[in-house]
Amino acid sequence: MKGIFAAILASAVTGVLAAPSPVEKGPVTARAIAPRAACATAVTLSGNPFASRKIYANKFYSSEVISAASAIADPALAAAATKVAEVGTFMWIDTRDKINIVEDTIKDVPCDQIAALVIYDLPGRDCAAKASNGELPVGSLAQYKSEYIDPIVAIFKKYPKTAIALVIEPDSLPNLVTNANLQTCKDSASGYRDGVAYALKQLNLPNIAMYIDAGHGGWLGWNDNLKPGAKELATVYKAAGSPKQVRGVATNVAGWNAWDLSPGEFSKATDAQWNKAQNEKKFVELFSPELKSAGMPSQAIVDTGRNAVTGLRKEWGHWCNVNGAGFGVRPTSTTGSSLVDSFVWVKPGGESDGTSDTSATRYDSFCGHEDAFKPSPEAGAWNQAYFEMLLQNAKPAF
Ligand code: BGC
């Protein structure tokens, strides 16, 4: 995922929208899974869905991690790795094939936990980058609806007693705010808007809480992007009929920004004067009121999965497999901010952001930058060396 995090840097002097610039995407055994006791009643989520629920450690990620741990020779590091398998993370449904895993991700969730998934298969996906171009071409909205969203909804409807949190379509609407000049994003625009609106409307079930992706501080956080960003999201939210189960936005998904580092990582950059959202806390504080005045719910969840180490990126917009990164704060609803429902791990740490193979169709030059880890496999594929690096650099340590 991730495109060119072009900011609309409207010059304070001219008030003209400048062309977007690339500112700123020993042997180990599996734990036994206890059979779930039947939950008594159907779930109706209102308020912070994470307040009394731990995020479910889905089997897909925990088995990736368990096999990664078994490949680590150093016993102490291998033991630390197994602990990562206990962290609740989001399961990405990034193809129609992955719908097979949806049921597995929700059927054993204990009553005091919440399943977490990412809806990510829009036609013309990742319009401003190449690394995560998806399976559905531009124009296949009908397939997105009937072959992707509808079957997922049908599975969710079988589990009304399970609480579910969803991140909706990372990068899509933010790309329409800042990369609208790219032909690929122009082509994708109506499919993104209609597709996200359809998803929000159909997924609006009582046991679900939805968070629409809102990029991060180095993307929609630019002073001149805050309002257009909120307007874009709110327009789609309203087109969906203002679904009750939309709670707000997800920020820093698969991102690297610190939560409250001050001064912020890029606060000394020459363009910093145009961005007050120098960390994610600031971004949420600035974006949330804009969402509210645009008529949209404004709570946030913030991805802290890989943001432990700062000062690694040459530019804020570098998004691919940042070298030197570490696992960040574990998911918790104790965020210290009334605007943030939970810190979450949306990007499963160890899965690649994009290939560094320059001959691959989905090779994106951001994955070849000096500050990107190499070699790296295709987006979503496991990178053992990267996982071990995240583990070694984790803060807090495992
Ligand atoms: C990839 C997806 C993958 C997700 C989580 C995205 O960048 O495009 O295929 O599921 O990351 O790793």
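These numbers come from the heavy atoms of this one structure, side chains and all, not from hydrogens, waters or symmetry mates. Note that the numbering runs from 1 along the sequence shown for the chain. What you see is a predicted model; the values in this text were computed from it and never measured. Counting starts at 1 for both ligands and their atoms, in listed order.
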Interfacing atoms of ligand 1 (cut-off 4.0 Å, heavy-atom, [X]):
X    : result
K347 : 4 (C), 5 (C), 6 (C), 7 (O), 11 (O), 12 (O)
G380 : 3 (C), 12 (O)
Y120 : 8 (O)
P348 : 5 (C), 12 (O)

(request) Please confirm whether W92 and F60 have ring centers closer than 6.0 angstrom. (result) no

Can any side-chain N or O of [X] pair as donor or acceptor with the backbone N or O of [Y] at less than 3.5 Å?
X    : Y    : answer
Q245 : L45  : yes
R313 : E265 : no
E378 : T355 : no

(request) May I ask you to check if ligand 1 and E351 share an N or O to N or O distance below 3.5 Å? (result) yes

(request) Looking only at distances, please establish whether an N/O atom of ligand 1 is found under 3.5 Å from an N/O atom of R362. (result) no

(request) Determine, for Y198 and K145, whether the Lys NZ or Arg CZ falls below 6.0 Å from the six-membered ring centre while staying within 45 degrees of the axis. (result) yes

(request) Could you check which of A129, A131, S352, S132 puts a non-hydrogen atom nearest to atom 1 (C) of ligand 1? (result) S132

(request) Please work out which of T95, D94, D126 has its closest non-hydrogen atom nearest to atom 9 (O) of ligand 1. (result) D94

(message) Can you tell me how the ring of W382 sits relative to the ring of F387, calling it parallel under 30°, perpendicular over 60° and tilted otherwise?
(response) tilted

